[in-house]
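Below: one structure in structure tokens.
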Amino acid sequence: MGKSREPFVSLFLYHAFKWSVVSPMLHVYFRGKIYGAENVPKNGPLLVVSNHASNYDPPIVSNCVDRPVAHMAKEELFKIPVLKQAIALYGAYPVSRGTADRAAIRAALNYLEQGWAVGVFLQGTRTLDGRITDPKRGAALIAAKAKAPLLPVSLWGTEAIEQKGAVIPRSVPVTVRIGELIEAPTSTDKEELEAVTQKCAVAINKLHDLGR
């Protein structure tokens with residue numbers, strides 16, 4: 001969160017959008033079920049790591065952990081009028097996929113310092129079935145630098161929300177399961193980052209396997 005961004009205004013708009021749009025849509029339209037909310041620490045730095053199967057995942061995750069979450073979003077989304085402003089107000093910041101985006105890492109660390117949680121999709125992109133098969137080390141790296149624990153979150157059913165060519169999302173059942181905290185890596189050593197990353201992936205996939 002840079003100097004041009006007022007935290008109070010950002011948080012006000014964040015919560016206004018959450019309670020007026022995201023929460024009703026999740027609980028009514030998607031018949032959302034949430035398990036493990038008691039595992040979310042109420043304060044302190046936190047990396048929320050999850051699987052990813054739809055463009056609706058960031059607000060759903062943020063809603064379910066019940067604290068402001070800033071998500072990395074692919075930089076292409078910030079070139080779309082209106083959407084750019086909307087996702088920025090909801091805590092999103094751009095990341096260049098497939099590269100070691102230092103600016104995105106700095107942005108994540110800044111959000112953590114401001115008291116936000118930071119959300120990272122562990123595979124970096126959407127998967128067809130919602131399972132993680134190729135996790136990336138970025139979340140573990142940020143966790144190591146910020147000394148922030150990682151919170152595994154599984155989204156089940158979101159892959160069916162969007163249909164090609166459709167404008168309106170499908171009303172499908174969505175289940176969110178929140179796992180137990182995983183300690184941050186003690187260093188930025190590649191092997192340790194990889195070990196923690198794999199631990200997160202295993203935890204998320206196990207939660208996903210529980211289904212609805």
Side-chain angles (χ1 to χ4, degrees), residues 1-2 7 34-53 57-58 60-75 91-127 130-156 176-210:
M1 191 179 297
I34 305 169
Y35 300 96
E38 67 278 3
N39 293 328
V40 184
K42 299 302 180 185
N43 48 56
L46 180 68
L47 259 292
V48 180
V49 290
S50 70
N51 57 331
H52 186 27
D57 295 345
I60 289 175
V61 170
S62 300
N63 184 89
C64 294
V65 300
D66 199 28
R67 57 179 289 185
V69 180
H71 264 95
M72 289 186 179
K74 59 184 180 180
E75 60 183 355
Y93 56 95
V95 61
S96 179
R97 293 184 299 176
T99 66
D101 194 327
R102 294 180 181 179
I105 293 175
R106 286 196 300 270
L109 294 173
N110 286 337
Y111 270 107
L112 290 169
E113 290 176 1
Q114 297 269 351
W116 289 59
V118 165
V120 179
F121 295 121
L122 203 59
Q123 188 148 323
T125 188
R126 289 175 290 174
T127 60
R131 287 183 58 81
I132 295 172
T133 57
D134 184 23
K136 311 302 182 186
R137 294 192 299 269
L141 175 61
I142 295 170
K145 287 180 175 291
K147 295 180 174 56
L150 299 107
L151 184 71
V153 175
S154 164
L155 298 163
W156 182 92
V176 180
R177 295 183 184 273
I178 303 170
E180 297 182 355
L181 286 174
I182 294 172
E183 291 186 6
T186 58
S187 73
T188 57
D189 177 76
K190 181 179 178 180
E191 290 184 0
E192 186 176 5
L193 294 181
E194 183 63 29
V196 172
T197 298
Q198 291 298 329
K199 187 174 183 179
C200 290
V202 169
I204 294 168
N205 283 336
K206 282 185 177 180
L207 291 171
H208 191 268
D209 288 343
L210 294 174

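All of these numbers come straight from a predicted model, not from anything done at the bench. Residue numbers count from 1 along this sequence.
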Q. Are any side-chain N or O atoms of Glu192 and backbone N or O atoms of Pro185, one a donor and one an acceptor, separated by less than 3.5 Å?
A. no
Nearest heavy-atom approach of Leu122 to Ala201 is CD2-N, 3.5 Å
Closest non-hydrogen atoms of Val49 and Ala139, given as atom of the first, atom of the second and distance, are CG1-CB, 3.5 Å
**Q.** Contact check, side chains of Leu46 and Val69, non-hydrogen atoms, under 4.5 Å
**A.** no
Margin query: If you define the side chain from C-beta out and look only at heavy atoms, does anything of Pro45 sit under 4.5 Å from Lys147?
Written below: no
Checklist line | Main-chain N/O of Pro41 paired with Arg67 side-chain donor or acceptor, under 3.5 Å | finding: yes
Interatomic distance, CG@Asn110 vs CD@Gln114, rounded to 0.5 Å, equals 7.0 Å
Hey, can you tell me if Phe121 and His52 have their rings parallel, tilted or perpendicular (30° and 60° cut-offs)? parallel
Heavy-atom closest pair (Lys145 atom, Ile105 atom, distance to 0.1 Å) is CD-CG2, 4.3 Å
**OP:** Check whether any side-chain heavy atom of Asp66 sits under 4.5 Å from a side-chain heavy atom of Lys42, and report yes or no.
**Re:** yes
Is there a side-chain contact between Glu194 and Arg137, using heavy atoms and a 4.5 Å cut-off? yes
Tell me whether Asn51 contacts the main-chain N or O of Asn205 through its side chain, where contact means a donor paired with an acceptor under 3.5 Å.
no
Of all heavy-atom pairs linking Asn39 and Glu180, the shortest is ND2-N, 4.1 Å
Does a side-chain heavy-atom distance below 4.5 Å link Val153 with Val176? yes
Closest heavy-atom pair, Ala148 versus Leu47, reported as atoms and distance to 0.1 Å, is CB-CD2, 4.0 Å
What one should report as the nearest heavy-atom pair of Pro152 and Leu207 is O-CD1, 4.0 Å
Between the CZ atom in Arg177 and the CG atom in Leu155, the distance rounded to the nearest 0.5 Å is 12.0 Å
So OG of Ser50 and CD1 of Ile178: to nearest 0.5 Å the spacing works out to 10.5 Å
To the nearest 0.5 Å, atom NZ of Lys199 lies from atom OG1 of Thr197 at 12.0 Å
Count the heavy atoms of every other residue, nucleotide or ligand shown that sit under 6.0 Å from CG of Asn43, and state whether that count exceeds 12. no
Crowded around Gln198 CD? As in, over 12 foreign heavy atoms under 6.0 Å?
yes
Applying side chain to side chain donor-acceptor pair (under 3.5 Å) to Asp209 and not counting sequence neighbours gives Arg131
| request: Start with the C-alpha distance between Ile132 and Thr127, add both sets of side-chain angles, then the distance that settles side-chain contact (heavy atoms from CB on, under 4.5 Å), and finish with yes or no. | output: CA-CA 7 Å; Ile132 295 172; Thr127 60; over 6 Å; no
